[in-house]
There are 2 protein chains.
Amino acid sequence: MPRPKSGTALRSRKASGQRVSLKSLAEHLGLSQAAVSLVINRSPGAKSIPLRTQELIRQAARELNYRPNHLARSLRQQRSYTIGVVVPEISEGYAALVMSGIEDHLLQEGYFYFVVSHRHRDELIEEYPLLLQQRAVEGLIAVDTAITGAAQIPLVAVSGHREVPGVTNIVLDHARAATLAMEHLTKLGHRQIAFIKGQEFSSDTAIRWESVRHAAQALGVKINDRQVGQLEGESSSPVLGYQVTKKLIASGEAFTALFAFNDISAIGAIQALREAGRQIPRDVSVVGFDDIQSAAFQNPALTTVRQPLREMGMLAAETLLRRIAAPPEADYPKEIVVQPELICRASTGAAPR
Amino acid sequence: MPRPKSGTALRSRKASGQRVSLKSLAEHLGLSQAAVSLVINRSPGAKSIPLRTQELIRQAARELNYRPNHLARSLRQQRSYTIGVVVPEISEGYAALVMSGIEDHLLQEGYFYFVVSHRHRDELIEEYPLLLQQRAVEGLIAVDTAITGAAQIPLVAVSGHREVPGVTNIVLDHARAATLAMEHLTKLGHRQIAFIKGQEFSSDTAIRWESVRHAAQALGVKINDRQVGQLEGESSSPVLGYQVTKKLIASGEAFTALFAFNDISAIGAIQALREAGRQIPRDVSVVGFDDIQSAAFQNPALTTVRQPLREMGMLAAETLLRRIAAPPEADYPKEIVVQPELICRASTGAAPR
DNA sequence: AAAGCATACTAAACCGATTTATTGGCTGTG
DNA sequence: CACAGCCAATAAATCGGTTTAGTATGCTTT
C-alpha cells in the first residue's frame, strides 16, 4: 500500500501555477502513471487495485486538483469528443436557434464543438470541413449549407437537400408546410397570392418553391409569375424582403396575400406594404416562415409556418453522436423529416371583397 | 537527393481512407520525419535542406493531401490555437452579435473557438472555464458573465464589471449612454419617465441603472420609484418586458416615456402599452438599448441606444490574442471603453401636452 | 515441492507531431 | 595530412496521457 509523500509537495504544487500532470501525481503518490490512470478512468484494468489504494489515488487527484490534459487523451484514444458546426452566419435567427439546440444535446453528452461561419463564400465552404477534420472533429453538422466533398467522418445536414453518400439530412416536410400555409390563405378567401422566393444559395429555396407550386395547384390557385419575387443579396436583414416587395408592388399586379420565404423577409415586406398604404391584414395578409423569436412580437404579430429549429438542432446532434458511436460500416438514416406547424397570429385575415 | 518510391503507394494511399501521417509521408519520400516537418513548417532549421528536396517534400505533401494532426501539434507545442467563449445563451440578439464579431477576428488569425452557454446556472459558470482549460484553450472570452475564479489564462470580459486580476473588461460608456437617451427624451419634453431595469444576474444592470440615475439628476428629472420596474426571469423573450410593463401601467402612475433595459424588453413593453390603448409614440415614447437587428424593423421602428456589439466582439478577440502573444508577466489593459450611439427612429416623439 | 492462481502493480509502447543534438561525408585550408 | 567548417540530413527526446503485456509476491492446491 503506497503512502503519499509529505504534504509539502502538495501545498507547493497547489500554490505554484504549475498544472498537475499524471506524472507528477503518480510521483507524489509513489505509484506508476499506469496505476493512477487506470483508477482515474475507472478502467476495467483497475479492478485488481485494492479499494484502499483507489481511494488514496482519487483523494490525491482531488486535492492536487488534477485534470487530465484533453489533448493528450484525445491523441492517444483517437477520440476528441469534439464536433464541428458549419453555419452560413451566426448572428441570424435561424442559425442561432439551431445552434442552441445542438449545444443542448452536445454538452450534455460531454462533447464540445467548433463553430465556423462561411458567409456563403465557396472557398470557405470547401476549406472549413477540412480544417475541422484536421482538428480531429469526430463529426460535422452543416446548417443550411451544401457541403460538397464527401466527408470521411459522419455528417448531418440541417436543411441540406442533396443526396450525398455519408450524409444524414434533417429536413422539414415542405409539402406539408406549403399546404398548411396555402390552405390557411385560401380558406380566408385569398386567390391572388404573391410569393417571395429565397436566394439561390439557400438550400431550402428550390424545394420550398416546388412545394408551394404543388400546393397551389392542388388548391386550384393560379400563380402569376409577375407576383413572384426573389430575395437577392447575402445579408440576412429584412431590407431584402423590403426591396423585393417594393418591386412586386411597383409591378402593379394586385394581390391580397403574400407568402414570404422567411420571417425576416416577411418583416421587410410588411414595412414596404405599409409604406404603400396597405394595411396588414386588412388589405394584404402576410405569412412568414421559420417562426423566429421576434415573429411573435411584430406588430401585427406574424402568422408563420413554424420550423422546429431548436428541435432540429437537437435531433442533428443526437443523430450525429449515434452515428459516431456506431461502427463505420453501419447503416445510417439518409433523411429525417420533421413536421412544420402553422402559427396563426395577426398578420393574416379574410381577403378583402 | 531522395527520390519518391513508386507511384503505387501514392495512389493506394489516396484511394484508401487512411489519413496520411507525417510518418507515412516521410517513408514515402525516403526521408526522416524531422526533415519533412522542418520543411512543411518552414522552420529556420530547414535552411540546410536544398531547395530541390524542399520542393519534392512539398509536392508529395500536396499530392498525398497531407494535413498535420492538430492535436499532436498542439500537444507538442503547448499551443492549441483555440479559445473558449462563455455566453449566457445562444440567442438571436446580444450574444450572437458579439460572437459574430469574435469569430471574424479569430478565424482570420487561425484560431478556433469553443462556445458554451451556461443559462445563468452558477455551477456551469464555475465549471465551464475549468473544462475549457482542460481542453487547453489559450484564453477565454466571457460575454455578459461574471467569471468568479481568477483564471490562469488570459480572460477578456465583454460587459463584465468586476475588477478581477487577470481580466480585461470591455465595457460601454454607460454614463454617456444614459445621457444620450435621457437628453433625447427631455428635449422632447418628457418629464415623467418610466424605467425597466435588467435582471439581477445581468452584469450590466447595476451600472446602467446607476448611470441613468445620474443622468436624470443632472437633467433635473425626478425618478419615481413606482415608475421603475425590473425584468424577472431567465428567458430572453419580450414577454418579460411585456409583464413588467403591464405592472407599471397597473400601478396607475402616469408616464409619457419609457426607457427599457434592452430592445427585447422594449418590444414587449410596446405590446403591453398598445394593449392598454396607448399609441407609440403619440402617448408614450419608448427607448430601447442594444440596437439588435430587429430593432430597426419593429413597428414603429425602435429608437435605441446602440452598443457596438459586433465591434466589442472583435475588440475582445483582438485584445485576447494580443494578451496571449505577450509574455505572461506583461502588462495588460484592465478596461477598454467603447462608445454608444443614439439611434433615433420612430418610437419616440414629443411629449403629449 | 511444484504448479496454479489471484493480487498489486509496473515497464514500455503508442498516439502524431516538433525540436534539439548529433552524425557522416565532403571540401577547403594551414 | 590533420582539422575545421559546412552540408544534408537523422536519431531521439518530448508533449501527457492510455493501454497492453508482463512481473513479483504470496497463497492455495495437488
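Naming: A, B, ... by sequence-line order, numbering from 1 per chain. Because only heavy atoms are used, hydrogens play no part in the values below, and waters and symmetry mates are left out as well, while side chains stay in.
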Exercise. Name the closest nucleotide to the R76(B) side chain, picking from dT14(D), dA8(C), dA9(D).
Key: dT14(D)

Self-check item: Heavy-atom closest pair, residues Y94(A) and V143(A)
Solution: CE2-CG1, 3.9 Å

Quiz item: Of the nucleotides dA8(C), dT18(D), dA17(C), which has the atom closest to the Q33(A) side chain?
Solution: dT18(D)

Self-check item: Selection from dA17(C), dG17(D), dG16(C) that lies nearest to any side-chain heavy atom of R73(A)
Solution: dG17(D)

Practice problem: By nearest nucleotide on DNA chain C, pick out whichever of S48(A) and A34(A) is the more 5' one. | Solution: S48(A)

Practice problem: Scan side-chain atoms only and decide if E55(B) and Q59(B) contain a donor-acceptor pair under the 3.5 Å cut-off. | Solution: no

Quiz prompt | Rounded distance in Å - CZ (R79(B)) to P (dC15(D)) | solution = 18 Å

Practice problem: Look at the side chain of S32(A) and decide which nucleotide, out of dT19(C), dG16(D), dT10(C), has an atom nearest to it. | Solution: dT10(C)

Self-check item: Residue S21(A), side-chain atoms from C-beta onward, closest of dT19(C), dG16(D), dG16(C)
Solution: dG16(D)

Practice problem: Round to the nearest Å and state the distance from E27(B) atom CD to dG16(C) atom C1'. | Solution: 13 Å

Quiz item: Could you state the CZ-P distance from R67(B) to dA17(C), rounded to the nearest angstrom?
Solution: 13 Å

Quiz item: With nearest nucleotides of DNA chain D determined for A35(B) and Y66(A) from heavy-atom distances, which residue corresponds to the more 5′ nucleotide?
Solution: A35(B)

Self-check item: Value in whole Å for how far the C1' atom of dA9(D) lies from CG of L51(B)
Solution: 15 Å

Self-check item: side chain to side chain contact (heavy atoms under 4.5 Å, CB included) evaluation trace for I153(B) with Q133(B)
Solution: CA-CA 8 Å; I153(B) 53 175; Q133(B) 286 182 66; 3.5 Å; yes

Quiz item: Quick one: K23(B) NZ to dA11(D) P, roughly how many Å, whole number?
Solution: 13 Å

Self-check item: Options dG17(D), dT19(D), dA8(C), nucleotide nearest the side-chain atoms of L22(A)
Solution: dG17(D)

Quiz prompt | Short side-chain N/O contact from Q77(B) to OP1 or OP2 of dC15(D), under 4.0 Å | solution = no

Quiz item: Would you find a donor on one side and an acceptor on the other, under 3.5 Å apart, between the side chain of S80(A) and the backbone of A136(A)?
Solution: yes

Quiz item: In terms of side-chain heavy atoms, does D104(A) have a donor or acceptor partner in S100(A) at a distance below 3.5 Å?
Solution: no

Self-check item: Separation of atom CD in Q78(B) from atom P in dA17(C), rounded to whole Å
Solution: 17 Å

Self-check item: F114(A) ring center within less than 6.0 Å of F114(B) ring center
Solution: yes

Quiz item: For S37(B) and dA17(C), is the shortest distance between a side-chain N/O and OP1 or OP2 below 4.0 Å?
Solution: no

Quiz item: Atom CD1 of I40(B) to atom P of dT18(C): distance rounded to whole Å?
Solution: 8 Å

Exercise. Name the closest nucleotide to the P68(B) side chain, picking from dT19(C), dT18(D), dA17(C).
Key: dA17(C)

Quiz item: Closest to the P50(A) side chain: dG16(D), dC9(C), dA12(C)?
Solution: dC9(C)

Self-check item: Options dA17(C), dT10(C), dT10(D), nucleotide nearest the side-chain atoms of N69(B)
Solution: dA17(C)

Practice problem: Select one nucleotide: of dC9(C), dT19(C), dG16(D), the one nearest the side-chain heavy atoms of T53(A). | Solution: dC9(C)

Exercise. For R42(A) and dT18(D), give me the distance from atom CZ to atom P, rounded to whole Å.
Key: 14 Å

